[in-house]
There are 2 protein chains.
Amino acid sequence: MALAKKEDTQNKIKEIARKLFTRFGYSSTTIREIAKESQVNIALVNYYFRSKDNLFRIIMEESFEQLFIQIDPIINNKNTTLEEKIQSLVSNYLDFLQKFPELPLFMLNEIKNKPKHLVIKISLKKKVSQSSLMHQIKERNPYINPLHFIFNLLGMLVFPFIMKPVISSAKLINIDDFNQMISERKRLIPIWINDILESKKT
Amino acid sequence: MALAKKEDTQNKIKEIARKLFTRFGYSSTTIREIAKESQVNIALVNYYFRSKDNLFRIIMEESFEQLFIQIDPIINNKNTTLEEKIQSLVSNYLDFLQKFPELPLFMLNEIKNKPKHLVIKISLKKKVSQSSLMHQIKERNPYINPLHFIFNLLGMLVFPFIMKPVISSAKLINIDDFNQMISERKRLIPIWINDILESKKT
DNA sequence: AAAAAATTTAAACATTTGTTTTAAACAAAA
DNA sequence: TTTTGTTTAAAACAAATGTTTAAATTTTTT
């Protein structure tokens with residue numbers, strides 16, 4: 001019972017903290033605000049997580065894993081074609097981003113501000129460069145640095161969500177039209193990426 | 001003479017502030033740090049700019065203008081073809097971003113955190129939707145929402161710079177290879193955008 | 001050169017914020 | 001019931017931070 005309650009409180013704090021950190025960033029999020037929204041005493045936050053820094057580190061590591069755990073099995077699946085991989089990546093990632101639209105901008109910004117938290121990612125280079133996807137891209141178009149395609153694909157997926165605050169603020173399009181656009185992109189991005197891969201003018 | 005000195009100090013503070021705000025964001029930049037790097041007394045910052053908030057507002061407005069002043073004459077030039085516009089946009093914007101690589105992530109993040117600063121941009125919708133570029137895109141491919149192309153073009157241009165901290169941190173590629181990639185993209189992005197515009201599978 | 005105005009500095013103020021301490025409330029075990 | 005360990009709350013602490021004040025210094029004007 002005590003354990004259940006403990007886990008409960010601890011988790012509530014963590015999820016509220018995740019929400020606030022993601023929305024406002026590390027510096028603009030205060031322990032007092034986390035405690036207030038979690039409806040617990042300030043001291044409890046430090047009681048369960050030792051420090052603001054440690055709480056943030058835990059959340060960053062979880063978010064980071066969440067971001068990459070989705071793509072790893074896809075890009076390394078030896079039994080799928082390049083087209084299938086791209087289709088799967090686009091579909092899964094856009095679904096994921098629609099659930100957590102603020103995650104990319106938050107992560108990219110915090111990584112910029114505190115590159116120390118990125119010790120985890122020394123393996124990233126290996127993960128990407130040795131992936132099955134990377135090899136298939138090289139086969140398909142040996143003339144161009146495959147990182148171009150990775151950037152293009154990731155950019156097409158992520159960029160609309162990074163621009164979302166600008167879009168809302170400038171009232172460029174409303175939220176329904178935005179989601180409609182994302183749905184269209186699920187169909188279109190694989191086509192576009194294929195066009196780019198097959199471009200003979202390079 | 002007094003005027004010159006005043007302008008001098010004032011400008012020094014502003015440029016240091018711009019550098020720090022751009023690198024660390026609003027919350028993580030302190031007036032004391034700005035004063036220290038500018039080699040002036042803390043009170044001088046408030047003497048010239050009244051408040052941290054006001055100083056930040058001025059810098060944001062200038063940066064914002066800087067970002068859009070470049071594209072406005074290009075996308076609204078009635079005497080250039082769509083191809084020429086795209087070529088010019090890509091070339092100018094990549095040059096600009098290589099000079100100020102941290103600007104996009106900074107701006108996007110601050111816009112997310114404080115959408116109040118975006119009063120300036122109510123005109124953005126008009127600017128984009130009534131632009132000559134937009135009309136030419138619609139002519140070229142009437143079947144797809146032109147915002148897709150805007151997102152793709154902007155994403156291809158900006159996304160590598162937004163990813164730069166991740167790239168450095170994960171040591172995916174070194175800085176020389178990064179700049180080499182950007183140079184390649186000056187040539188490639190217009191080709192890719194053209195491929196996408198001509199895609200008949202949509 | 002004297003007076004006035006503008007610029008700069010040092011110090012203090014008032015809040016905010018992360019953290020710690022101390023003790024009370026509570027649940028589980030003896 | 002008493003004891004023991006865990007969880008929660010209130011308060012205090014210390015450092016950081018935006019801002020203001022008042023005096024000193026420098027520059028400009030008369």
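Each chain gets a letter, A, B and so on, in the order its sequence line appears, and its residues count up from 1. Hydrogens, waters and symmetry mates are skipped; everything else that's a heavy atom, side chains included, is used.
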Whole-Å distance separating the CD1 atom of A:Ile34 from the C1' atom of C:dT16: 15 Å
How long is the line joining CG of A:Leu44 and C1' of C:dT21, in whole Å? 14 Å
Specify the separation, in whole Å, of atom CD1 of A:Ile42 and atom P of D:dA12. 13 Å
Any chance the side chains of A:Asn145 and B:Arg185 put a donor and an acceptor closer than 3.5 Å? no
Please pick, from C:dA12, C:dT19, D:dT7, the nucleotide with the shortest atom-to-atom distance to any side-chain atom of B:Arg32. C:dA12
Could you check whether B:Phe178 and B:Phe161 have their ring centres less than 6.0 Å apart? yes
Please pick, from D:dA10, C:dT19, C:dT7, the nucleotide with the shortest atom-to-atom distance to any side-chain atom of A:Ala43. D:dA10
Hey, does B:Thr29 reach any base, or is it just sugar-phosphate, or nothing, if we go heavy atoms under 4.0 Å? sugar-phosphate
Correct closest heavy-atom pair for A:Gln87 and A:Pro190 would be OE1-CG, 3.6 Å
Closest nucleotide of DNA chain C for A:Thr30 versus for B:Asn41: which of these residues is on the 5' side? B:Asn41
How many whole angstroms separate atom CZ of A:Phe56 from atom C1' of C:dT19? 19 Å
Closest approach to the side chain of A:Ile31, judged atom by atom: which nucleotide of D:dT8, D:dT19, C:dG18 is it? C:dG18
Cationic tip of A:Lys52 within the cone over A:Tyr26's six-membered ring, i.e. under 6.0 Å and within 45° of the normal? yes
Interatomic distance, B:Asn46 CG vs C:dA10 P [rounded to whole Å]: 16 Å
Between A:Tyr48 (OH) and D:dT7 (C1'), how many Å, whole number? 6 Å
Could you tell me whether the phosphate oxygens of C:dT7, OP1 or OP2, come under 4.0 Å of any side-chain nitrogen or oxygen in B:Thr9? no
Do the non-hydrogen side-chain atoms of A:Phe149 and A:Asn141 ever get within less than 4.5 Å of each other? yes
Rounded distance (Å) that lies between atom P of D:dT27 and atom CG of B:Asp8: 13 Å
Round to a whole Å and report the spacing from NZ of A:Lys36 to P of C:dG18. 14 Å
Distance below 4.0 Å between A:Tyr47 side-chain N/O and D:dT8 OP1 or OP2: no
